[in-house]
There are 2 protein chains.
Amino acid sequence: MTKQVTDGMEPAEVKRTEALAAEIFTDIANKWALLIINTIGESTLRFTELCAAVEGISHKMLAQTLRILERDGVVDRLVYPTVPPRVDYSLTDAGLVLRTTVNALCIWTRQHVDHIDQARQRFDERQARPSSTVAQET
Amino acid sequence: MTKQVTDGMEPAEVKRTEALAAEIFTDIANKWALLIINTIGESTLRFTELCAAVEGISHKMLAQTLRILERDGVVDRLVYPTVPPRVDYSLTDAGLVLRTTVNALCIWTRQHVDHIDQARQRFDERQARPSSTVAQET
DNA sequence: CGGCATCCTATACGATACTG
DNA sequence: CAGTATCGTATAGGATGCCG
């Protein structure tokens, strides 16, 4: 998945990095993780605020995904020893770098909604009757 | 999920765009779709080539995900009416734009492998004994 | 309030097998 | 070779409830 970073490593080390990269990618490249990262952004949000801000996420998935992101050093978790408890979430430095990319993904989605909607209609139409995109003989 | 694009729309239209954006995001923001997009990149690959290039993907998931990406107008599918059949996959213009972002995501992952690996070790250690990150009283 | 555990359903996914 | 269908398992994910 995008080499170049592993240049000049011993085979064993490359393999370990490869495996870790795959793991990390799995942690991050999923709907909830990406939405959470994008939502926190530059701000600091409490658990409940996040739960409300991330459209459609459940209490459970938020807690679960936050734990993974915290472990991976993408989000910071600050616990106030008050009662009732207060927990603030923010992005780490690494998380902030990541977030610029994630945000670009969200913006791309928004900007292509119409285009994609039309592509879908064309596709669904094509499915109805045969004759798809076929390379022409020359 | 990242507003601003829906400014100056009627409420009903905003809601439709909102729903579509969520759908599209679900299609794209998952491991396989992102890996496929990043792998195709600027090139044109046959089904079998893609299957080999995308680390760990199964025949089934590749076919399934490609269908979704094709429908969304992210990948182009060119069928050669030969026997045995040959099918070439490449990114559409929209897909190419998207791919720059996706690639940035992959690169970020690679570049932060060590950093994240260390963050994980610290996290796992913290879990063993209590005393987590707690806000100090002032 | 934040978080974990539990239960249950829905979906993701792999393996396999069959077609054109 | 590319694709679809089927089946079984595994994981995602919602709902609920209990604790500090």
Side-chain angles (χ1 to χ4, degrees), chain A residues 22-23 25-36 39-40 44-71 75-90 123 126-127 130-135, chain B residues 22-23 25-36 39-40 44-71 75-90 123-124 126-128 130-135:
Chain A
E23 253 185 56
F25 196 75
T26 304
D27 284 351
I28 293 173
N30 67 78
K31 188 178 169 180
W32 295 134
L34 293 174
L35 284 180
I36 289 171
T39 302
I40 298 181
T44 294
L45 296 172
R46 298 183 56 170
F47 185 90
T48 316
E49 293 172 328
L50 256 176
C51 213
V54 179
E55 191 67 20
I57 201 169
S58 68
H59 187 97
K60 179 188 172 184
M61 287 314 294
L62 180 58
Q64 193 173 113
T65 309
L66 279 173
R67 222 57 341 112
I68 292 171
L69 295 178
E70 184 195 357
R71 185 170 112 99
V75 308
D76 260 337
R77 178 165 174 273
L78 185 59
V79 179
Y80 293 83
T82 57
V83 47
R86 174 200 175 95
V87 182
D88 281 354
Y89 288 97
S90 57
F123 181 92
R126 247 179 279 146
Q127 297 309 297
S131 82
S132 52
T133 309
V134 171
Chain B
E23 253 185 56
F25 195 76
T26 303
D27 285 351
I28 292 172
N30 66 78
K31 187 178 171 179
W32 295 134
L34 293 173
L35 284 180
I36 289 171
T39 301
I40 298 181
T44 293
L45 295 172
R46 299 182 56 170
F47 185 88
T48 315
E49 293 173 328
L50 257 175
C51 213
V54 179
E55 191 67 19
I57 199 169
S58 68
H59 188 97
K60 180 189 171 185
M61 287 313 295
L62 179 58
Q64 194 174 113
T65 309
L66 279 172
R67 221 65 331 119
I68 292 171
L69 294 178
E70 184 195 357
R71 185 169 111 100
V75 309
D76 259 337
R77 178 165 174 274
L78 184 61
V79 180
Y80 294 83
T82 58
V83 45
R86 174 202 176 96
V87 182
D88 281 354
Y89 288 96
S90 56
F123 181 92
D124 294 345
R126 246 179 280 147
Q127 297 309 297
S131 82
S132 53
T133 308
V134 171

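Here the structure is a predicted model, which is why all the values come from computation and not from measurement. Lettering of chains follows the sequences in order, A, B, ..., and the numbering in each one begins at 1.
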>> The side chain of B:Ser58 is closest to which nucleotide in this list: C:dG14, D:dG14, C:dG3?
In response: C:dG14

Figure out the [atom1]/[atom2] separation between [X] and [N], and round it to whole Å.
X       : N      : atom1 : atom2 : answer
B:Asp27 : C:dT11 : CG    : C1'   : 14 Å
B:Met61 : C:dA15 : CE    : P     : 13 Å
B:Gln64 : D:dA5  : CD    : P     : 11 Å
B:Leu34 : C:dA12 : CG    : P     : 15 Å
A:His59 : C:dC7  : NE2   : P     : 18 Å
B:Ile68 : D:dT4  : CD1   : P     : 12 Å
A:Asn30 : D:dT11 : CG    : P     : 15 Å
B:Ile57 : C:dA15 : CD1   : C1'   : 15 Å

If only side-chain N and O atoms of [X] are considered, is one of them under 4.0 Å from the OP1 or OP2 phosphate oxygen of [N]?
X       : N      : value
A:Tyr89 : C:dG3  : yes
A:Arg67 : C:dG3  : yes
A:Trp32 : D:dA12 : no

>> What I want to check is whether the side chains of A:Tyr89 and A:Arg46 have a donor and an acceptor closer together than 3.5 Å.
In response: no

> Are A:Arg86 and A:Asp88 ion-paired here, with the side-chain N under 4.0 Å from a carboxylate O?
Replying inline: yes

>> Using every non-hydrogen atom in the two residues, find where A:Ala29 and B:Leu34 come nearest and quote the distance to one decimal.
In response: CB-CD1, 3.6 Å

>> Which heavy atom of B:Ala22 sits nearest to which heavy atom of B:Thr26, and what is that distance?
In response: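 B:Ala22 and B:Thr26 have their closest heavy atoms at O-OG1, 2.9 Å.
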
> Which comes earlier along DNA chain D counting from the 5' end, the contact point of A:Lys60 or that of A:Pro85, where each point is its nearest nucleotide?
Replying inline: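 Of the two residues, A:Lys60 wins.
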
